[in-house]
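Let me begin by presenting the structure, written as structure tokens, before commenting on it.
Remember, it's 1-based here, ligands and their atoms both numbered in the order they're listed.
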Amino acid sequence: MRKKVIAGNWKMNKVLAEANQFVEEAAEKVPESDKVDAVVCAPFPFLTSLVEKAKGSHVKIAAQNMHYEDNGAFTGEVSPVMLKDLGVTHVVLGHSERRELFAETDELINKKAHAALNHKLTPIVCVGETLAQRDANETMNHIEIQVKNALAGLTEEQVAKTIIAYEPIWAIGTGKTASSEDANEVCAHIRHVVKTITSEVTAEKIVIQYGGSVKPANIEELLAQSDIDGALVGGASLEAESFLQLVEAGTK
Ligand SMILES: O=C[C@H](O)COP(=O)(O)O
């Protein structure tokens with residue numbers, strides 16, 4: 001049985017006091033569970049403080065992006081070495097907002113995935129299709145290419161430690177959720193693609209999340225699907241109460 005992962009992606013929201021308050025509450029209330037990991041993906045300036053607040057609790061702290069180099073002349077960037085040093089455990093890579101607004105390519109995301117895993121950070125690699133691609137029946141092919149490119153050159157052991165987040169772009173922040181059956185169909189396809197490039201054992205191990213307008217009202221139905229192992233949540237992760245409800249759904 002795969003352990004579920006509920007990750008709240010705050011994106012570019014909150015100030016430090018709000019972030020601290022959230023994680024203090026979550027640290028107090030997230031229960032120990034062998035069924036679910038609770039992850040908060042926060043902006044860089046909050047990470048040091050949030051790792052401190054989460055210490056000794058069952059909340060893990062993630063970054064929302066990183067560079068692939070360890071150090072060097074990359075003004076404004078943050079490296080995997082820095083994240084690991086802070087006590088961050090996960091990093092979101094290739095979110096559709098990074099792909100669209102910051103021109104991140106599959107090749108870049110693959111370099112970042114290698115760097116994250118080499119530094120023992122768990123990458124949450126995002127893939128997803130646009131509405132035009134879905135309407136043109138290109139979803140499966142597009143996702144297959146994104147998954148293969150993101151995982152290229154990783155060892156089987158590294159692939160097993162990677163999390164893939166399937167986020168249909170048309171469902172992000174729009175209130176439109178893919179039906180749980182449609183979301184599961186794509187997640188099952190991702191597992192199949194992973195199997196073709198690794199093995200059945202690894203495909204059974206890899207955690208595949210769904211993301212896109214997930215909220216307390218729809219998470220149980222999504223998590224009940226065979227190939228959905230958690231969620232990457234934006235809007236509904238901004239309030240501690242709602243985040244805690246999402247985590248609670250993962251404990252069932
Ligand atoms: O990373 C999270 C996703 O972009 C989903 O955002 P959302 O839950 O606000 O639709």
| task | Measure the distances from the heavy atoms of G173 to every atom of ligand 1 and state whether one is below 4.0 angstrom. | result | yes
| Below 4.0 Å from any atom of ligand 1, is there a heavy atom belonging to S237? | no
Report yes if [X] has an N/O atom closer than 3.5 Å to an N/O atom of ligand 1; otherwise report no.
X: G212; result: no
X: G234; result: yes
X: K11; result: yes
X: E97; result: no
X: G235; result: yes

| note | Counting heavy atoms under 4.0 Å, the part of I172 that contacts ligand 1 is both
| Which residue supplies the protein heavy atom nearest to atom 3 (C) of ligand 1, what is that atom called, and how far is it? | E167 OE2, 2.9 Å
| said: Looking only at side-chain N and O atoms, does E221 offer a donor or acceptor that is under 3.5 Å from a partner on S180? | reply: yes
| query | Side chains of T130 and Q133: do they bring a donor and an acceptor to under 3.5 Å? | reply | yes
| field | Distance filter under 4.0 Å to N9 heavy atoms, resulting ligand 1 atoms | value | 1 (O), 2 (C)
| request: Could you tell me which atoms of ligand 1, counted from 1 in the order shown, lie closer than 4.0 angstrom to a heavy atom of A171? | output: 10 (O)
| request: Sequence neighbours left out, what pairs pass salt bridge (Lys or Arg N to Asp or Glu O under 4.0 Å) with at least one residue falling in residues 85-102? | output: K11-E97, R98-E104, R99-D106
| Given D229, which of K35, K4, K3, R191 fulfils the salt bridge (Lys or Arg N to Asp or Glu O under 4.0 Å) condition? | R191
| query | When you check the gap from the basic side-chain N to the acidic O, do K111 and E69 get nearer than 4.0 Å? | reply | no
| 4.5 Å side-chain heavy-atom contact, S79 and F74 | no
| query | Would a 4.5 Å heavy-atom cut-off, applied to side chains only, mark T196 and E144 as touching? | reply | no
| message | Test question: given the 4.5 Å side-chain rule for I, L, V, M, F, W and Y, name all other residues clustered with L101, or answer none. | response | F102
